[in-house]
Every structure is written in C-alpha cells, then in structure tokens.
Amino acid sequence: MDDSTRQSFVEIRDRLDEIASQVRGDDIPLDAALDLYDEAVKLGMKATELLETIEDDNRDAPEETR
C-alpha cells in the first residue's frame with residue numbers, strides 16, 4: 001500500500017469516526033442523521049474500492065515484490 005492510499009484510508013477512517021460520534025448524540029435531527037448515514041455508506045464503498053485496487057495490484061505484481 002503506497003502512502004497516498006494509506007492516507008486515503010486514514011482520512012476515511014477519521015471521517016467515519018467523526019460521523020459515528022455525531023450520530024451517537026441524542027440531539028441530532030433525523031434528516032442530518034440520514035445524511036451522515038449516506039456519507040458513511042459512500043465512504044465505505046470508497047474504502048472497498050481502494051482495497052480491491054490494492055488486491056489487484058498485488059495479484060499483478062511479480063511474486064518476489066509482494
């Protein structure tokens with residue numbers, strides 16, 4: 001995993017942590033919670049895409065560089 005991919009994962013994780021903290025609050029309106037849920041789903045999909053890219057790169061790499 002290169003540095004830019006690692007940073008992307010860190011950014012996604014950090015934002016998901018922020019979202020989780022926000023939705024744990026009792027005072028968040030339902031519309032805001034649903035918007036955050038949608039954002040979290042999109043972030044999860046982005047993380048999955050990054051993982052698939054890494055796996056594809058590893059499959060294509062020569063055995064000795066893995």
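What you see is a predicted model; the values in this text were computed from it and never measured. Nothing fancy with the numbering, it's 1 onward along the sequence.
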I12 to A47 - nearest heavy-atom pair and separation | CD1-N, 3.9 Å
Give me the other members of the hydrophobic cluster that V41 sits in, counting Ile, Leu, Val, Met, Phe, Trp and Tyr linked by side-chain heavy atoms under 4.5 Å, directly or via other members.
-> Y37, M45
How would you list, by chain and number, every residue that makes a side chain to side chain contact (heavy atoms under 4.5 Å, CB included) with R15, sequence neighbours excluded?
-> E18, I19, Q22, L36, E39, L43
Residues pairing under salt bridge (charged side-chain N to carboxylate O under 4.0 Å, His left out) where one sits in residues 19-28, two or more places apart or in two chains, turn out to be none
Can you list every pair that meets salt bridge (charged side-chain N to carboxylate O under 4.0 Å, His left out) and has a residue in residues 40-49, with sequence neighbours left out?
-> none
Joint hydrophobic cluster, L16 plus L34, side-chain heavy atoms closer than 4.5 Å = no
